[in-house]
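Owing to the predicted nature of the structure, the values given are computational and were not obtained by experimental measurement.
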Amino acid sequence: MTATLTPPAAGPAASVRAGAVPRRRTRLLALPEVRWAAAATTLFLLALPLQLAGAPAWIWGPLYALSYATGGWEPGWEGLKALKDRTLDVDLLMVVAALGAASIGQVMDGALLIVIFATSGALEALATARTADSVRGLLDLAPATATRIAADGTEQTVPVAELAVGDTVLVRPGESVGADGRVLDGASEVDQASITGEPLPAAKAPGDEVFAGTLNGTGALRVRVERDVSDTVIARIVRMVEEASETKAPTQLFIEKVEQRYSLGMVAATLAVFGVPLAFGEAFSEALLRAMTFMIVASPCAVVLATMPPLLSAIANAGRHGVLVKSAVAMERLGQIDAVALDKTGTLTEGTPRVVDVRPLRERGLEEADLLTLAAAAEHPSEHPLARAVVDAARERGLDLPAAEDFTSSPGIGVRAVVGGRTVEVGAPARLLAEAEAECAADAEADAGGVVAALARELEESGRTAVLVVVDGTPAGVLGIADRLRPDAAATVAALTVLTGTTPTLLTGDNPRAAAHLAAEAGIEDVRAGLLPQDKVGAVRELEGAGHRVMVVGDGVNDAPALAAAHIGVAMGRVGSDLALETADAVIVRDELAAVPATVALSRRARELVVQNLVIAGVFIAGLVVWDLAGTLPLPLGVAGHEGSTVLVGLNGLRLLRDAAWKRAAAEGTG
């Protein structure tokens, strides 16, 4: 069975315009697949102990029959509908196999098959519904109301749906931007991580573009609306995820690709085994018994079970080690990839800016600890992400921070405070240096400014964000801040290169300089920076157009369309957005990047066991069929052989439940 993302009844724009607040999370029992699967499982669990305890068949038999009915009617009906299109699909095949088991007295085995199949369908339906919930919930990123400035200068609070192109809105500090537009007046820093994935807020001044759903910083902005609410970047991301999920190629397990011919061949052969001897004078009862035996030994139970146990065991093993793979199809697809595209912020990196360089000017008499103490004390009252990074760095070094007085913050420039009687300014080098040069014309201070400017350029060229510290009007040093590479990033890139035969591609919305520097550290050569969500989808399509099966690893809202479009999508669980987690086919729950290649290797091991199981099942079926056609195969022996092969392939698949299987996969994943 396959699952596709079912779009909401009304499109994103319609939902917004209507002002409706859609229900964001589908209740478990609201899905009919879940209700039927729960009923079938409950009935099975009631019947099994009664049967094992030796109760009369009239007690547990009806319970099993109800389990067959509740769990099998829907897939059976879907299978019958498929017959209208002259297609014999796995739904009907599984129901027939279960009924066949019941017809020869294996009632419990058939019921178990029904329960497993119904539960699998319920899980797929739930995953699909939760993905649709998350897509609709993405619209919550944009605020419900906005402050519109009328022609006479008065302010009006209006629903975002009523904003039109050309309107002017006021975005106060800490508010979300209500619409895509351009800044008319004001200066601030805006957190655009939900759109571009950049870890640091972007400075905004008149003429700069802002996006709906991004978070304003400490300054107030007057913004002219430039896009209709139905065409904002957020709304387009919603549409891209829906379209990518709908147009994604239908997925099938390996065995489902051959089930059609096998099933049709088995049905035709059973009729021939019954009809041909009958036509040549064999007794009706003997011909029927031979045909029934043939149908039993040739039935696809072992073939069907050849696929699921290895994949389900791999899913369970990966789950114990912090990787949630959402379906057997996803686990199989993981082993098929031959190209990888990685996001930067929150995936290859930790997603949190940190101070990585402290460069004091020695002639000012300051050491690294002194410079960091002054900067952290001045930044302590600020809520800016860079300020938190500076304060965290001081605390990690065990520095005592004196109290700051007369604190002020200027959007786009930095902060100023009095620390221990000294005026300390921390902020953007270009702005603070210009102010320092305007206030102080002494040669020594001009030289210090030149040295600091050179330090700032050096840090920025190496992918850092430079932060200048000015003490009493004179530059005192520079801090370098960057989003740190995960410790296992380089090893993961190397492992994925070995597994796929190609070096991963970096897809990021961050600036090209920072992206190139980090890619060099991680060992990635193909770097595509400054990408919006649609650009990432385009990059995935380009790789697929070159014949690759692409795995995308990401964590943000801006990665969701690419995750949906890829052959397989993997999300980082700890920092991942709700939309990325729901859209992805697998989730790295513990944020251990090294688990990605290990899971790929485990998937490939599962596929090897699937092939082994198909060989085992094929040998048993062929041997029993030849025996039945060439001689006289006793029915009990045929049943024993059939059930024995089913048990054998099941046990073989369960080998992947062992911890040794994960350790082996992890070793393969590290090359």
Q: Taking only Lys NZ, Arg NE, NH1 and NH2, and the carboxylate oxygens of Asp or Glu, determine whether D535 and R528 approach each other closer than 4.0 Å.
A: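 Looking at R528 together with D535, the answer is no, because their closest N to O distance does not fall below 4.0 Å.
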Q: Within a strict 4.5 Å, meaning less than it, do heavy atoms of the V570 and I588 side chains meet?
A: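 Sidechains of I588 and V570: in contact.
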Q: Under the salt bridge (charged side-chain N to carboxylate O under 4.0 Å, His left out) rule, what pairs show up with a residue in residues 596-605, not counting sequence neighbours?
A: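 Non-adjacent pairs meeting salt bridge (charged side-chain N to carboxylate O under 4.0 Å, His left out): R605-E608.
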Q: Does the distance from a Lys or Arg side-chain N to an Asp or Glu carboxylate O, for R354 and D392, drop under 4.0 Å?
A: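 No, R354 and D392 are not salt-bridged.
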Q: Do the side chains of V527 and L518 get nearer than 4.5 Å, heavy atoms only?
A: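 Contact flag for L518/V527 side chains = no.
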Q: Please give me the minimum heavy-atom distance between P206 and D185, naming the atom from each residue.
A: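 What the structure gives for the nearest pair is CG-CA, 4.2 Å.
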Q: Sequence neighbours excluded, which residues qualify as ring-ring contact (aromatic ring centres under 6.0 Å, His included) partners of H380?
A: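 Result, ring-ring contact (aromatic ring centres under 6.0 Å, His included) vs H380: none returned.
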Q: Using only atom types and a distance under 3.5 Å, with no angle test, would you say the side chain of R182 pairs donor to acceptor with the backbone of G207?
A: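 A pair under 3.5 Å: yes.
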Q: Could you tell me if the side chain of P402 sits less than 4.5 Å from the side chain of T373, heavy atoms only?
A: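 In short, these two side chains touch, coming nearer than 4.5 Å.
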Q: Look at the side chain of D483 and the backbone N and O of T349, then say whether any donor-acceptor pair between them is shorter than 3.5 Å.
A: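 Between the backbone of T349 and the side chain of D483 there is no qualifying donor-acceptor contact (under 3.5 Å).
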Q: Are any side-chain N or O atoms of D180 and backbone N or O atoms of A212, one a donor and one an acceptor, separated by less than 3.5 Å?
A: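 Yes, D180 side chain to A212 backbone: donor-acceptor pair under 3.5 Å.
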Q: Looking at every heavy atom in both G473 and V470, which two are closest together, and how far apart are they?
A: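 Smallest interatomic distance, heavy atoms only, reads C-CG1, 3.5 Å.
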